[in-house]
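What follows is one structure encoded as structure tokens, with my remarks underneath.
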Amino acid sequence: MSSSKPKILVARAVFPETLARLAQHFEVESNQADETWSKDQLIAKLQGKQGAFTTGSERIDAAVLDACPELKICANMAVGYNNFDVDAMAARGVLGTNAPDVLTETTADFGFALLMATARRITESEHFLRAGKWEKWSYDMFAGSDIHGSTLGIIGMGRIGQGIARRGAHGFGMNVIYHNRSRLDAALEAECKASYVGKEELLKTADHVVLVVPYSPASHHTIGAAEIALMKPTATLVNIARGGIVDDAALAVALREKRIAAAGLDVFEGEPKVHPDLLTVPNVVLTPHIASATVPTRRAMADLAADNLIAWGTGKGPLTPVTPVPAATK
Ligand SMILES: NC(=O)C1=CN([C@@H]2O[C@H](COP(=O)(O)OP(=O)(O)OC[C@H]3O[C@@H](n4cnc5c(N)ncnc54)[C@H](OP(=O)(O)O)[C@@H]3O)[C@@H](O)[C@H]2O)C=CC1
Ligand SMILES: O=C(O)C(=O)[C@@H](O)[C@H](O)[C@H](O)CO
């Protein structure tokens, strides 16, 4: 006897509790082995499914959608959804949802941790120590730059950017400047103790530049060689946004030539591959896209993605849509 429940694919391994909740509403096929699928394998798994639980690793584009005409909803376990071709989804009436808010503070914590590790040369000095190279104290050994009292420049002053601004301004007495395409309202600027500036002024003025802007064609290579050339030679650059926001090849050259002091990167162009030159420069802190990785936050992200699927499956509108929602499902 065939099940009357809608069929969904969970494209990556998730918490068993998430699968158990989904199984109450759907016939679930899941990738608990966490295999890396080619596009053709993803399509083969998605065929005949009405819903998908995705992560940033699964690209949902026109080719996938055309090959899987029964697909009605993709719920991303991520706030960023640049893995969705939103126009192609909207044109075919496929819903997309993301996972905002639940990871904001955790990701802001990590952005600040990466900033501090970068400016204070924490991983570089640890490698030195572990390699048995520490023989004596020296006045300038791993001397970095200060966080407290310095100028923090944030590009992408949304939920996470504001969380980083609050930490910097209220916790470390930083002077916070930011750049977005649109300015925050005055109350929010006052709360974050942040001033709006143009991108060029931000790059010239900031001691530390943190990138938290979503990836889109408009934000591709927000930071390249020309932008790095505007930055102070003592500056640090932190990218927790997305691979492709920074021109990684240009950054590796700039770090090697010490045009800026250091960088902290959680995301990379073409990840999980990392530009080979970044692996050989010492003044960069590299982490494997873990800014939202705490157990409670990953549970909350998985819950929200599942909640979106369940809300759709039970005839309610999706909770956090990123595509137009047809009137019937609102
Ligand atoms: N490393 C990790 O694990 C994580 C990475 N992220 C990344 O962080 C991003 C931001 O998340 P979140 O803060 O919740 O998102 P929000 O949408 O709240 O904030 C994004 C901000 O970026 C600004 N922005 C958008 N496009 C541009 C542009 N072209 N130039 C300048 N500013 C721009 C927006 O303002 P305006 O529209 O006015 O320009 C907005 O203030 C996600 O999209 C994701 O890519 C998020 C979580 C974890
Ligand atoms: O939410 C985002 O946008 C993220 O980048 C991260 O929190 C995820 O770890 C990753 O995308 C997994 O889906």
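We count ligands from 1, going down the list as the structure has it; atoms in each ligand are counted the same way.
Thr297 and Thr294 are linked by a side-chain donor-acceptor pair at a separation below 3.5 angstrom, with hydrogens and angles left out of the test. In the model, His289 has a side-chain atom that pairs as donor or acceptor with a side-chain atom of Glu271 under 3.5 Å. Tyr178 and Glu189 share a side-chain donor-acceptor pair at under 3.5 Å. Between Thr280 and Arg256, the side chains place a donor N or O and an acceptor N or O closer than 3.5 Å (distance only, hydrogens not considered). His170 and Glu191 are not linked by any side-chain donor-acceptor pair at a separation below 3.5 angstrom, with hydrogens and angles left out of the test. Judged purely by distance below 3.5 Å, without hydrogens or angles, the side chains of Thr55 and Asn76 never pair a donor atom with an acceptor atom.
Between Trp312 and Phe26, the ring planes lie parallel to each other; the angle is under 30°, not in the 30° to 60° tilted range.
In this structure, ligand 1 sits under 4.0 Å from heavy atoms belonging to Val79, Gly80, Leu103, Thr107, Gly156, Met157, Gly158, Arg159, Ile160, Asn180, Arg181, Ser182, Val212, Val213, Pro214, Ser219, Ile240, Ala241, Arg242, Asp266, Val267, His289, Ala291, Ser292. Listed by chain and residue number, the protein contacts of ligand 2 are Thr55, Gly56, Met77, Ala78, Val79, Gly80, Leu103, Arg242, His289, Ser292, Arg298, Met301 (heavy atom within 4.0 angstrom).
Phe128 forms part of a hydrophobic cluster together with Leu129, Trp134, Met141, Phe142, judged by ILVMFWY side-chain heavy-atom separations under 4.5 Å.
Evaluation of the side chain to side chain donor-acceptor pair (under 3.5 Å) rule for Gln32 yields no partner, not counting sequence neighbours.
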